Structure formats: structure tokens, C-alpha cells
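A short write-up of the structure that comes next.
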Amino acid sequence: MPELPEVETTRRGLQRRLRGLRVADVIVRERRLRYRITPGLRGKLAGRRVSRIARRGKYLLFYLDDGCLLCHLGMSGSFRITGGGQAAGSHDHLDIVFGGGKILRYRDPRKFGAVLWVGGEVLRHKLLAGLGPEPLGKGFGGDYLYEQSRGRSASVKQFIMDSRVVAGVGNIYANESLFIAGIHPARHAGRVSRRRYEALAAAIRQVLQRAIRKGGTTLRDFVRDDGQPGYFGQTLAVYQRGGEACPACGGVIRSSVLGQRSTFYCPRCQR
DNA sequence: AGAGGTACCTGGCAGC
DNA sequence: TGCTGCCAGGTACCTC
């Protein structure tokens with residue numbers, strides 16, 4: 001499933017190849033994603049030029065001349081660019097055709113994604129307005145996590161996966177960063193020290209940056225914008241490794257469920 | 001305000 | 001082998 005590094009990898013690839021291009025046509029095959037794809041999208045986009053592509057959490061923001069296409073890949077979404085000869089598959093819900101013939105194709109078997117046109121200031125959009133700071137940006141760090149977490153009884157894992165606390169930390173990287181920081185995922189967020197939040201913030205930045213450098217960690221059906229699958233799961237220390245040996249101490253990695261999410265940790269290394 | 005639960009969807013896989 | 005049924009997983013939203 002696309003996590004923040006995959007989204008960032010996608011953003012970089014798409015920006016490199018689409019910036020400055022003008023939309024010629026839009027083909028919507030399936031409108032029912034998490035939300036309905038904005039009706040009349042063709043009229044909104046046609047003739048507009050892509051000025052840049054940004055990211056906010058796991059949302060992709062395609063800035064056009066006078067508005068923004070706000071997209072989310074959900075669980076199984078991917079973008080790719082085709083030359084035009086490729087026939088659309090059954091899960092290829094949207095094509096954005098550019099002048100010159102390049103096609104940006106959105107595929108999403110599970111339809112958890114979103115493609116919405118936002119005419120005004122996109123960062124004030126309901127889906128973005130409440131997001132916490134970017135984990136790789138200013139405003140995020142140990143002090144911030146410490147202050148935000150006081151008095152909170154939810155587990156530290158659920159806390160860092162709350163998009164209002166920090167944007168875009170999903171299940172994989174929550175597991176991995178807690179392992180690196182040596183913090184037990186079920187520990188109450190309000191009972192983690194400032195010093196340990198410092199370690200956790202550093203771990204979150206480290207795992208995300210490393211995955212971005214690797215081109216994105218992927219488990220199943222993420223496809224990079226060049227159409228190549230991006231399997232990098234072998235670099236994960238604990239995620240989906242329940243019953244295996246901890247790479248740090250050799251003990252057995254445990255799996256459990258926290259907030260309806262699969263959770264992996266080493267009970268010896270994480271307290 | 002915070003915590004917990006639910007819905008959305010479908011490929012993949014476990015169990016029969 | 002073939003069918004059925006369950007579940008993951010990100011996020012918003014609802015309820016308590």
C-alpha cells in the first residue's frame with residue numbers, strides 16, 4: 001500500500017515528466033472512489049497547464065493554472081504514464097490526456113483513493129486543513145510530539161498514526177520507527193518521555209527518508225510511475241515479521257492488533 | 001476533546 | 001480443484 005515514501009516517489013516522477021504540460025482531455029471510467037470523482041472534471045482541467053506537483057501527507061496536489069487536483073492513492077492506487085497505445089484495464093478509472101499524447105493513468109483496484117478538483121486554496125480544503133505537520137518538515141520533532149501527547153491515553157502507535165498529530169505516518173513506518181526508537185507500541189502516548197519522543201521523531205524521519213531514497217517500500221501492488229513494481233519489503237525490520245528473529249537481539253518478533261491495525265514489535269527491545 | 005468503532009472495496013488466501 | 005468467506009489496510013466520520 002502506498003505509504004508516504006511511495007507517494008513522494010510518485011510525486012517526483014510525475015513532476016519531472018508532467019510539469020508544464022497542458023491537459024487535452026480527461027476520460028473518467030469509474031467515478032465511485034472513496035468520494036465521487038468531481039463531476040465535470042474534463043471541463044475543469046482541459047486547456048490548463050500543470051505548474052507543479054506537491055505532496056501533503058499522502059495527498060498529491062497537482063497544481064494547475066487556477067486550481068488544484070487533490071488526489072489520494074488510498075490502499076491500492078497508483079499513477080503511471082503511458083504513451084497512449086496501452087489499453088485501459090478494468091481498474092484504470094481515470095486518464096488525463098496531455099497535449100502531445102502522454103496519458104496520466106490512475107488505477108485503483110480497491111477504490112479507496114480520491115481524485116477531487118479544488119478551485120480555491122487547496123490547503124484550506126477540509127481534507128487537508130486538519131493535518132498535522134509534515135514528518136520531514138519543520139514543526140515536527142520530539143518536543144512537538146511530547147507536547148501533543150500529554151494526557152493522552154491512546155497507544156503511542158495510534159498517536160503517531162493520527163493524521164492530526166503528524167501527516168502521513170502509516171502502519172508500516174509506525175511499526176518500524178517504534179522499533180528503531182525502542183518504544184513498545186502499546187505504551188500510552190502520554191507516558192513516553194521527552195527524550196524518547198526525540199528518538200522517535202528521529203526514527204520516523206530516518207525510516208521515511210531511507211525509503212524515499214530506495215524508491216519507496218512496497219508490499220503488494222504499488223507500481224511506480226514508470227510502471228515498475230517497487231518491492232523493498234526486505235529492508236523492514238519488524239513489519240510482517242511476526243515469529244521471526246529480531247534483527248537486533250535475536251528474540252522473537254511478536255504480532256498483535258492495536259486500534260484494528262496489525263502491529264509488530266520485539267518485546268525485548270521495545271519497552 | 002479524546003477514544004473507539006465502522007464503512008468503504010476487492011484481491012488474495014485459508015479452509016472446506 | 002473449486003467454491004466460500006474472511007481480512008487487510010488509510011482515512012473520514014460517527015458515537016459515546
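The structure presented is a predicted model; accordingly, all values stated were derived computationally and were not measured. Chain identifiers are assigned alphabetically (A, B, ...) following the order of the sequence lines, protein sequences preceding nucleic acid strands; residue numbering begins at 1 within each chain.
Nearest heavy atom pair, residue A/G57 against residue A/A167, reads CA-CB, 3.8 Å.
Relative to the side chain of A/E3, the nucleotides B/dT10, C/dG10, C/dA12 differ in distance, and C/dG10 lies closest.
OP1 or OP2 of C/dG9 has at least one side-chain nitrogen or oxygen of A/S262 nearer than 4.0 Å. Side-chain N/O atoms of A/Y59 include one lying less than 4.0 angstrom from OP1 or OP2 on C/dA12. Taking 4.0 angstrom as the limit, A/R152 places a side-chain polar atom (N or O) nearer than this to OP1 or OP2 of B/dA3. Phosphate contact (OP1/OP2 of B/dT10, side-chain N/O of A/H91, threshold under 4.0 Å): absent. A sub-4.0 Å separation between OP1 or OP2 of C/dG9 and a side-chain N or O of A/Y239 is present.
By the ring pair (Phe, Tyr, Trp, His ring centres under 6.0 Å) test, A/H72 is found to be paired with A/Y59, residues two or more places apart in sequence or in another chain being considered.
With 3.5 Å as the limit, one finds a donor-acceptor pair spanning the side chains of A/K157 and A/T263.
Annotation: cation-pi geometry not satisfied between A/R34 and A/F112 (NZ/CZ under 6.0 angstrom from ring centroid, within 45° of ring axis).
The distance from atom CZ of A/R110 to atom C1' of B/dC9 is 8 Å, rounded to the nearest whole Å.
No aromatic stack links A/F112 and the base of B/dC9, using centre distance under 5.5 Å and interplanar angle under 30°.
Residue A/R261 places a side-chain atom within donor-acceptor reach of the base of C/dT11, judged by atom type and a 3.5 Å distance cut-off alone.
Checked for salt-bridge contact, A/D25 and A/R42 meet the test: a charged N lies under 4.0 Å from a carboxylate O.
Rounding to the nearest 0.5 Å places CD1 of A/I96 at 8.5 Å from CG of A/L18.
The strand DNA chain B forms stems, runs of 3 or more Watson-Crick or G-U wobble pairs with distances below 3.5 Å, at B:2-16 with C:2-16.
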